[in-house]
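Owing to the predicted nature of the structure, the values given are computational and were not obtained by experimental measurement.
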Amino acid sequence: MDLPPPVHGPSWMGAVLFLGGQLLALWPVAAVEVHTSREVEALNGTNVRLKCTFTSSSPVSQRVTVTWNFRPQGMNSPESVLYYYEEPYPPTSGRFKERVTWDGNIDRNDASIVVWNLNPTDNGTFTCQVKNPPDVDGTIGEIQLRVVQQVHFSEIHILALVIGSACALMIIVVIMVVVWRHYRNRRGQEKSIEMVETELTEKEKLKSTEEKVAVPLED
């Protein structure tokens, strides 16, 4: 009787490694997701708040770090804007010295900043990176900032303006109708009062005339 061929150890080891790799691929990876506005348009000489929020698979701890960088338009080398670890560390030199302030709240998953006194050299890409150990990998938020001399109205702004104007016009029409009806009712009441007063006056005159006529007849 022939025995089945023996199963070699390496084959079993390969199957175990393959199965482990598949399980690791399905296991959720700890990462931080950063959310920012893709494009922001601001007026020259004003201030702008660059909003950056994040979500993490781990509880937010005191070890959270936030790194804001800036890449000027047409250039690849980034510049430091602000670093946060337990407290904000604004830059001590460069174009953003004394022009950037922390405006976030780590407890609320907010890592926003404010850039003051914008000028055309601030055109470029701002990046916001958040690390919340053990979540140290994840997306990096990017904001494309455009500093303009005058704000351009988008289709949404134009639509909101049209809707607002239409609502204001409707309110004005309703007010005019209410005022006109009130005026008409008041005029009607005044005319009714005048008619009653006229009728009473005529009756008094007629009564007085009748009394005057009746006096000679009695004599």
Side-chain angles (χ1 to χ4, degrees), residues 24-161 163-164:
L24 289 175
L26 296 175
W27 191 264
V29 179
V32 177
E33 292 187 5
V34 178
H35 311 278
T36 58
S37 302
R38 292 186 178 180
E39 292 185 0
V40 174
E41 188 176 274
L43 191 63
N44 183 30
T46 62
N47 312 321
V48 65
R49 184 177 190 267
L50 301 181
K51 185 177 181 180
C52 175
T53 59
F54 65 92
T55 57
S56 175
S57 58
S58 300
V60 177
S61 66
Q62 296 298 321
R63 296 187 297 165
V64 171
T65 62
V66 180
T67 304
W68 277 92
N69 288 324
F70 172 72
R71 188 170 63 253
Q73 194 171 21
M75 299 181 65
N76 294 325
S77 56
E79 302 177 13
S80 177
V81 177
L82 183 141
Y83 180 76
Y84 179 95
Y85 177 68
E86 295 185 350
E87 63 177 300
Y89 295 90
T92 56
S93 61
R95 74 177 74 200
F96 295 109
K97 179 182 179 181
E98 298 180 352
R99 291 183 54 221
V100 176
T101 54
W102 173 259
D103 198 46
N105 187 335
I106 294 299
D107 294 333
R108 296 184 178 180
N109 294 33
D110 190 348
S112 305
I113 61 172
V114 174
V115 182
W116 300 80
N117 192 22
L118 293 175
N119 58 73
T121 61
D122 296 328
N123 283 305
T125 304
F126 288 81
T127 60
C128 175
Q129 184 179 19
V130 180
K131 294 183 179 182
N132 180 38
D135 294 355
V136 294
D137 297 322
T139 59
I140 298 177
E142 291 190 355
I143 301 176
Q144 185 71 32
L145 177 64
R146 290 183 297 176
V147 180
V148 296
Q149 297 300 324
Q150 59 182 8
V151 177
H152 300 285
F153 287 98
S154 64
E155 295 180 357
I156 297 178
H157 292 154
I158 295 174
L159 180 61
L161 181 62
I163 294 175

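Counting heavy atoms from C-beta on, the side chains of V64 and Q62 never come closer than 4.5 Å. Inter-residue side-chain proximity for V34 and I140 is flagged as unmet; no heavy-atom pair is nearer than 4.5 Å. A 4.5 Å side-chain heavy-atom check between T65 and V130 finds every atom pair outside the cut-off. Residues E87 and Y89 have side chains in contact (heavy-atom distance under 4.5 Å, counting atoms from C-beta outward). Contact of the N119 side chain with the N44 side chain is registered, since non-hydrogen atoms from C-beta on lie closer than 4.5 Å. Side-chain atoms of F54 and T139, non-hydrogen and from C-beta on, never get closer than 4.5 Å to each other. V114 places none of its side-chain heavy atoms less than 4.5 Å from the side chain of V100. The shortest side-chain heavy-atom distance between V32 and D137 does not fall under the 4.5 Å cut-off.
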Requested in this report: Under the salt bridge (Lys or Arg N to Asp or Glu O under 4.0 Å) rule, what do D122 and R99 come out as? Steps first, then yes or no, please.
Outcome: CA-CA 11 Å; D122 296 328; R99 291 183 54 221; 2.5 Å; yes
Query raised in the report: What do the steps show when you test T125 against Q144 for side chain to side chain donor-acceptor pair (under 3.5 Å), and what is the final call?
Result: CA-CA 5 Å; T125 304; Q144 185 71 32; 2.8 Å; yes
Requested in this report: Go through the steps to decide whether E41 and V147 satisfy the test side-chain contact (heavy atoms from CB on, under 4.5 Å), and finish with yes or no.
Outcome: CA-CA 6 Å; E41 188 176 274; V147 180; over 6 Å; no
Requested in this report: Take F126 and W68, measure what side-chain contact (heavy atoms from CB on, under 4.5 Å) needs, and give me the verdict at the end.
Outcome: CA-CA 7 Å; F126 288 81; W68 277 92; 4.0 Å; yes
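Checking side-chain atoms of N69 against main-chain N and O of T127 turns up no donor-acceptor pair under 3.5 Å. Between the side chain of S58 and the main chain of P134, no donor-acceptor pair closer than 3.5 Å is present.
Using cut-offs of 30° and 60° for the angle between ring planes, the F70 and F96 rings count as perpendicular.
L145 and A42 get closest at one heavy-atom pair: CD1-CB, 4.4 Å. Listed here is the closest heavy atom pair of S37 and I143: O-CG1, 3.2 Å. Pairing each heavy atom of A31 with each of G138, the nearest pair is CB-CA, 4.1 Å. Taking every heavy atom of both residues into account, P91 and V81 meet most closely at CD-O, 2.7 Å. Closest of all the heavy-atom pairs between I113 and W102 is CG2-CE3, 4.3 Å. Scanning all heavy atoms of the two residues, the minimum distance from S77 to P72 falls at O-CD, 3.7 Å.
Checked against side-chain hydrogen bond (donor to acceptor under 3.5 Å, both in side chains), S56 has the following partners two or more places apart in sequence or in another chain: N132, D135. In this view, T101 and W116 satisfy the side-chain hydrogen bond (donor to acceptor under 3.5 Å, both in side chains) rule, not counting sequence neighbours. Every residue was checked against the salt bridge (Lys or Arg N to Asp or Glu O under 4.0 Å) condition with E33, not counting sequence neighbours, and none meets it. By the salt bridge (Lys or Arg N to Asp or Glu O under 4.0 Å) test, R49 is found to be paired with D103, D110, residues two or more places apart in sequence or in another chain being considered. For E39, the salt bridge (Lys or Arg N to Asp or Glu O under 4.0 Å) partners at least two apart in sequence or on another chain are R146.
Applying the salt bridge (charged side-chain N to carboxylate O under 4.0 Å, His left out) test to residues at least two apart or on different chains, the pairs with a partner in residues 65-82 are E79-R95.
For the atom pair CG of L50 and OG1 of T36, the computed distance is 9.5 Å after rounding to the nearest 0.5 Å. How far CZ of R63 is from NZ of K131: 12.5 Å, rounded to the nearest 0.5 Å.
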